[in-house]
Amino acid sequence: DWSMSDFLTEAKGAIRTMVGDGMVIGAVSGGVDSTVAAVLMKEAIGDQFHAFLVDNGVLRKNEATEVMERLASRCGVNLKLVDASEIFLQKLKGVTDPEKKRKIIGNTFIECFEKEASQLKANFLLQGTLYPDVIESTSHKGPSATIKTHHNVGGLPAHMKLKLIEPLRFLFKDEVRKLGLELGIESESIYRHPFPGPGLAIRILGEVTANRLKALREADKIFLEELRSAGLYRNIGQAFAALLPVKAVGVMGDKRTYEEVIVLRAVKTTDFMTADWFDLPTPLLRKISSRVVNEIRGVNRVTYDITSKPPGTIEWE
Ligand code: XMP
């Protein structure tokens with residue numbers, strides 16, 4: 001794409017001019033925006049960019065390792081893994097309120113960030129802000145901004161005297177994807193479904209415990225694996241499994257069971273402000289359900305969410 005290659009050349013030049021011989025830090029999640037922003041920085045200023053990935057203990061199965069592999073090993077980004085999972089999980093103990101979970105995760109993330117930032121003498125902070133984020137945060141029109149607290153924009157402590165660098169702030173999502181392809185990022189990263197900052201914590205309804213995390217990680221992995229092998233992943237806007245805060249009675253062999261319930265959610269959406277549930281083929285649902293109950297200890301029931309947004313939201317919390 002000629003226009004994207006022009007954009008790339010210009011963006012790199014602008015970043016170099018802005019940064020000079022300064023240092024930039026930035027957190028990456030492995031999502032499309034932070035991945036593209038990080039690789040762009042690496043292309044522009046190499047190791048003057050210091051990225052880090054915070055393992056908050058509520059990432060999906062193998063996610064931290066996979067992001068490290070993709071961004072550090074394959075793209076050459078100067079990326080550090082900060083394993084803070086114990087701290088996050090300790091703070092989440094006993095917490096069931098969704099907004100409290102979000103606050104704990106948001107605040108703990110900022111603490112981790114400040115700790116990393118204070119060790120480096122950075123002058124700039126990279127943010128993967130896109131044009132729609134800019135509009136939503138200035139017009140106050142986005143209903144999701146008031147319904148749930150999102151913390152992708154802002155949240156930067158005032159005393160941190162870092163200048164913001166937002167190389168994607170004039171781009172829409174599809175343009176970020178094009179830029180990512182131009183940068184040679186593999187399509188698995190480019191077309192990845194969004195994953196919320198509070199991670200699996202808001203997909204475990206009720207308390208986040210080690211056993212429940214383990215069960216949900218497995219269920220989510222099976223679900224996404226089956227969607228990919230059925231060739232449906234890219235037709236879906238977002239898909240995930242969640243763990244309900246109820247137990248259900250079941251039977252296994254000649255024994256009564258009383259175990260966890262998984263709900264599968266897959267939606268079609270363009271802007272995530274509205275969404276429709278995705279009509280998955282019955283044989284695929286059958287396969288996923290039987291894998292989930294057979295392969296995961298402690299789960300005896302699988303349900304499929306057939307609610308659109310509105311009135312539902314995409315997430316359950
Ligand atoms: P809802 O559930 O509001 O989700 O329909 C819309 C989109 O936003 C994501 N989401 C979040 N992302 N922090 C995030 O970074 C959050 O607290 C959060 N809550 C929801 C959700 O996954 C979907 O893509």
Side-chain angles (χ1 to χ4, degrees), residues 26-37 53-60 63 67 88 91-92 95-110 112-113 127-130 132-137 140-156 168 172-174 176-177 189-205 208 216 220 223-224 227 233-244 263-278 305-317:
V28 299
S29 64
V32 186
D33 308 340
S34 67
T35 297
V36 172
L53 169 68
V54 176
D55 183 346
N56 59 10
V58 283
L59 300 178
R60 286 169 293 191
E63 192 156 27
V67 174
F88 281 86
K91 291 190 183 183
L92 285 168
V95 179
T96 56
D97 180 76
E99 289 301 292
K100 272 194 194 134
K101 290 177 182 173
R102 280 193 171 78
K103 279 209 182 84
I104 289 169
I105 292 170
N107 292 339
T108 312
F109 178 84
I110 291 171
C112 291
F113 181 88
Q127 295 234 297
T129 317
L130 306 195
D133 306 329
V134 177
I135 304 168
E136 194 178 332
S137 66
H140 306 288
K141 270 192 201 143
S144 63
T146 49
I147 293 169
K148 296 173 185 176
T149 46
H150 287 215
H151 42 74
N152 279 343
V153 183
L156 179 68
L168 312 179
F172 284 96
K173 198 82 176 184
D174 58 318
V176 174
R177 294 206 167 95
S189 299
I190 301 285
Y191 295 102
R192 208 177 86 136
H193 294 171
F195 183 67
L200 299 182
I202 57 163
R203 292 178 180 171
I204 295 178
L205 284 72
V208 179
L216 181 58
D220 200 68
F223 187 30
L224 295 185
L227 292 179
Y233 184 84
R234 278 214 210 163
N235 305 344
I236 294 168
Q238 196 170 3
F240 57 88
L243 203 55
L244 297 185
V263 57
L264 306 173
R265 179 92 162 128
V267 296
K268 253 179 121 108
T269 176
T270 46
D271 59 2
F272 297 90
M273 304 289 278
T274 62
D276 199 3
W277 60 278
F278 194 93
D305 186 347
I306 51 168
T307 317
S308 60
K309 172 185 180 177
T313 50
I314 295 173
E315 302 289 345
W316 270 60
E317 286 197 333

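As the structure lists them, so they are numbered: ligands from 1, and atoms in each ligand from 1. Only a predicted model underlies this, so the values are computations on that prediction, with no experimental measurement involved. In what follows, residues are counted from 1 in the order of the sequence shown.
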Next on the checklist: Only heavy atoms of Thr313, strictly under 4.0 Å: list the atoms of ligand 1 that pass.
Outcome noted: 1 (P), 2 (O), 5 (O)
Checklist entry - By number and element, which atoms of ligand 1 are closer than 4.0 Å to a non-hydrogen atom of Phe272? => result 6 (C), 24 (O)
Item to check | Option of least heavy-atom distance to atom 15 (O) of ligand 1 (set: Gly31, Pro198, Gly197) | outcome: Gly197
Item to check | Steps toward side-chain contact (heavy atoms from CB on, under 4.5 Å) verdict (Asp305, Phe278) | outcome: CA-CA 9 Å; Asp305 186 347; Phe278 194 93; over 6 Å; no
Item to check | Options Lys309, Met273, Glu315, ranked by nearest heavy atom to atom 6 (C) of ligand 1, top entry | outcome: Lys309
Checklist entry - Does any N or O atom in Ile314 lie less than 3.5 angstrom from one in ligand 1, N or O only? => result yes
Checklist entry - Taking C-beta and beyond as the side chain, do Lys173 and Asp33 meet within less than 4.5 Å on heavy atoms? => result yes
Checklist entry - Any side-chain heavy atom of Glu317 within less than 4.5 Å of one from Arg203? => result no
Item to check | Ion pair check, Lys101 and Glu315, cut-off under 4.0 Å | outcome: no
Checklist entry - Is any side-chain heavy atom of Val54 less than 4.5 Å from a side-chain heavy atom of Phe109? => result yes
